[in-house]
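See structure below.
Counting from 1, the numbers follow the sequence of the chain as shown.
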Amino acid sequence: MRRNGGSILCLVLFALGLVGCQDEVSELNQKAVESLAAGDYGAAESSLKDAIRLDPTNRTLRKNLVEVYFRQEEWPKAIQILKSTREIAGLESDLELRTNLAEAYIMSGETLLGSAEVRDILAEDPDNEYVLYLDGVTATSPVRAIESLNKAIEMNPDRRESYLALARAQTFDGNTQGSLETLEKVVQQFGSSVDVPLQKVSLYLRENDFEMASKELEALTKEFGEVPIGRLYEGYLAVANRQVDEALVIFESLDGEDGMTEQARLGQSLCHLVQGDPNAAIELCEQILEEDETETVALNLQGLGQLKRLQRFLAKQSFEKSLEKNPDQPTIQALVDRIGKR
């Protein structure tokens, strides 16, 4: 009887301890939620980490920590916690966590990993509107992207980003008129915004219609003022008009500006290639690739610089790495084939 009494006492004490622990976890989670709402992400992260140490398999705590990282765009940290959370028994197939992981991969530049996650989810849940949108954003085939985005829009016509992604996919598919019509729908349904004319400038640059690109950029500046990405496009138009020195000044002025450094350095690298300075071009590409090894444009510019230095083997390696990240690059594939025949 004493043993039973002792066992019961131990169970009671354990239960009381567990209740106390859960109370502390709840308090820490509530504190984190309040900090998150106030924009104090450091305090929210600290509270949630303390709570997770007490309750390591708690899905709610982990999901809230993911939200902290999403708000700060700390994608590698979000990926790390999502991957470890999916290893917990019962959470391997959690649809929301898998969708979050796909989104984090995409936002971090790991498009291939994100696309793979998206396709796995769609195989199980083909009518998931948000995942269809993500598929449209990541699909390397414009035909697949258009199909997914049209389906997503049919299911949810109020997601503005789906229309913008559809217009981009139509541009890559060579359907310029369709892309312009989709952008017009965005204006009619959601009102005017800076990203519509920006996308039109990008479209016309892709089509080498520099006159229309200049007109759209001028209209954009008149309506919305000067914006950094507009300056970036101004630089590319200067390159197209063989005003390379002017373009270089523009790109250098954007280097270090929030969110523009990588694009500005890609522009500088292009200018150096046009000016016949492959060493400067390659150096800039190496800086970019140190931060983001998945940047295919940097790999392509690096490869072109290596070709100018007659380093065909290195150039082929750079182009092949680029094709691994994005196989849908027929021009780059042709370059690789040509190098291989020499």
Assess whether side-chain hydrogen bond (donor to acceptor under 3.5 Å, both in side chains) is satisfied between D135 and S148, documenting all intermediate values. CA-CA 6 Å; D135 188 46; S148 291; 2.6 Å; yes
Could you walk me through whether Q302 and S318 satisfy the side-chain hydrogen bond (donor to acceptor under 3.5 Å, both in side chains) test, starting with their C-alpha distance in whole Å, then the side-chain angles of each, then the deciding distance to 0.1 Å, before giving a yes or no? CA-CA 7 Å; Q302 178 179 257; S318 295; 2.9 Å; yes
Can you check side chain to side chain contact (heavy atoms under 4.5 Å, CB included) on E223 and S192, steps first, answer last? CA-CA 10 Å; E223 183 174 1; S192 181; 3.1 Å; yes
Trace of the side-chain hydrogen bond (donor to acceptor under 3.5 Å, both in side chains) decision for Q329 with S322: CA-CA 9 Å; Q329 299 184 86; S322 175; 2.9 Å; yes
Run the salt bridge (Lys or Arg N to Asp or Glu O under 4.0 Å) test on R231 and E234 for me, step by step, so that the C-alpha distance in whole Å, both residues' side-chain angles and the decisive distance to 0.1 Å come before the verdict. CA-CA 5 Å; R231 286 278 291 161; E234 185 181 338; 3.5 Å; yes
Output, in order, the C-alpha distance, side-chain angles, deciding distance and verdict of salt bridge (Lys or Arg N to Asp or Glu O under 4.0 Å) for E129 and R159. CA-CA 10 Å; E129 177 267 330; R159 189 183 296 282; 2.7 Å; yes
Before you tell me yes or no, could you show the steps for E67 and R71 under salt bridge (Lys or Arg N to Asp or Glu O under 4.0 Å), namely the whole-Å CA-CA distance, both residues' side-chain angles and the distance that decides it to 0.1 Å? CA-CA 6 Å; E67 180 62 24; R71 296 275 186 96; 2.8 Å; yes
Tell me, with the steps shown, if R160 and D195 meet salt bridge (Lys or Arg N to Asp or Glu O under 4.0 Å). CA-CA 11 Å; R160 182 173 177 276; D195 44 12; 2.6 Å; yes
Would T176 and R206 satisfy side-chain hydrogen bond (donor to acceptor under 3.5 Å, both in side chains), going step by step from the backbone distance to the final call? CA-CA 10 Å; T176 301; R206 183 179 175 83; over 6 Å; no
Let's go through I332 and L299 carefully: what are the C-alpha distance in whole Å and the side-chain angles of both, what is the deciding distance for side chain to side chain contact (heavy atoms under 4.5 Å, CB included) to 0.1 Å, and is it a yes or a no? CA-CA 10 Å; I332 300 302; L299 287 166; over 6 Å; no
Please step through side chain to side chain contact (heavy atoms under 4.5 Å, CB included) for the pair E92 and E87, ending with a clear verdict. CA-CA 6 Å; E92 307 95 327; E87 292 172 0; over 6 Å; no
Does the pair L232 and I250 meet the rule for a side chain to side chain contact (heavy atoms under 4.5 Å, CB included), with working shown? CA-CA 7 Å; L232 184 78; I250 293 171; over 6 Å; no
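In the displayed structure, E147 atom CD is contacted under 6.0 Å by at most 12 heavy atoms of other residues, nucleotides or ligands. Few gaps surround NZ on K151; more than 12 heavy atoms of other groups in view lie less than 6.0 Å from it. The environment of CD in E184 is crowded: more than 12 heavy-atom neighbours from other residues, nucleotides or ligands sit within 6.0 Å. Open room surrounds CD on E154; 12 or fewer heavy atoms of other groups in view lie less than 6.0 Å from it. Under a cut-off of 6.0 angstrom, the local environment of CD in E211 is sparse, with at most 12 non-hydrogen atoms contributed by other residues, nucleotides or ligands. Counting non-hydrogen atoms of neighbouring residues, nucleotides and ligands closer than 6.0 angstrom, the CZ atom of F224 exceeds 12 such neighbours. Dense packing is recorded around CD of Q189, with more than 12 heavy atoms of other residues, nucleotides or ligands lying under 6.0 Å away.
When all heavy atoms are compared, the tightest approach of K325 to T296 is CB-CG2, 3.5 Å. Between R62 and P56, the shortest heavy-atom contact is NE-O, 2.8 Å. In this structure, L132 and A152 approach most closely via the heavy-atom pair CB-CB, 3.9 Å. The two atoms that bring S193 and P197 nearest to each other are O-CD, 3.0 Å, heavy atoms only. Of all non-hydrogen atoms in T57 and I88, the two that sit nearest each other are CA-CD1, 3.8 Å. Scanning both residues, A32 and L48, for their nearest heavy atoms gives CB-CG, 3.5 Å.
At a threshold of 4.0 Å, the pair E96-K63 counts as salt-bridged, since one of the basic side-chain nitrogens sits closer than that to a carboxylate oxygen. Between E283 and R265 no salt bridge is recorded (no basic side-chain N to carboxylate O distance below 4.0 Å). Using a cutoff of 4.0 Å between basic side-chain nitrogens and carboxylate oxygens, E27 and K31 are not scored as salt-bridged.
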Name the atoms and distances for all side-chain donor-acceptor pairs under 3.5 Å in residues 110-123, with sequence neighbours left out.
unit_1: E117; atom_1: OE1; unit_2: R86; atom_2: NH1; d: 3.3
unit_1: E117; atom_1: OE2; unit_2: R86; atom_2: NH1; d: 3.3

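A distance of 6.0 Å or more separates the ring centres of Y236 and Y233. The aromatic ring centres of Y163 and F190 sit less than 6.0 Å apart. W75 and F70 have their aromatic ring centers within a separation under 6.0 angstrom.
Between E45 atom CD and I52 atom CD1 the span is 9.5 Å, to the nearest 0.5 Å. L266 contributes atom CG, which lies 9.0 Å from atom CG of L284 (distance to the nearest 0.5 angstrom). One distance of note links CG of N64 with CG of L36; it measures 7.5 Å at 0.5 Å rounding. The CG atom of D50 sits 6.0 Å away from the CG atom of L28 when rounded to the nearest 0.5 Å.
Side-chain N/O atoms of Y41 and E74 include no donor and acceptor closer than 3.5 Å. With hydrogens and angles left out, the side-chain atoms of Q287 and E291 include no donor and acceptor closer than 3.5 Å. Defined by atom type and a distance below 3.5 Å, a donor-acceptor pair is missing between the side-chain atoms of E246 and N241.
In terms of the side chain to side chain contact (heavy atoms under 4.5 Å, CB included) criterion, residue partners of Q333 (sequence neighbours excluded) are, by chain and number, L323, V336, D337. Evaluation of the salt bridge (Lys or Arg N to Asp or Glu O under 4.0 Å) rule for E262 yields no partner, not counting sequence neighbours.
One hydrophobic cluster holds both V187 and L183 under the rule that ILVMFWY side chains link at heavy-atom gaps under 4.5 Å. Under the 4.5 Å side-chain contact rule for hydrophobic residues, I282 and V244 do not share a cluster.
Of the possible polar contacts, one joining the N150 side chain to the I146 backbone as a donor-acceptor pair under 3.5 Å is found. Side-chain atoms of T171 come within 3.5 Å of backbone atoms of A167 as a donor-acceptor pair (strictly under, hydrogens ignored).
Here the side chains of I339 and F319 are in contact, with some heavy-atom distance below 4.5 Å. Under the 4.5 Å side-chain criterion, counting only non-hydrogen atoms from C-beta, D245 is not in contact with V249. L134 is listed as a side-chain neighbour of I106, based on a closest heavy-atom distance under 4.5 Å.
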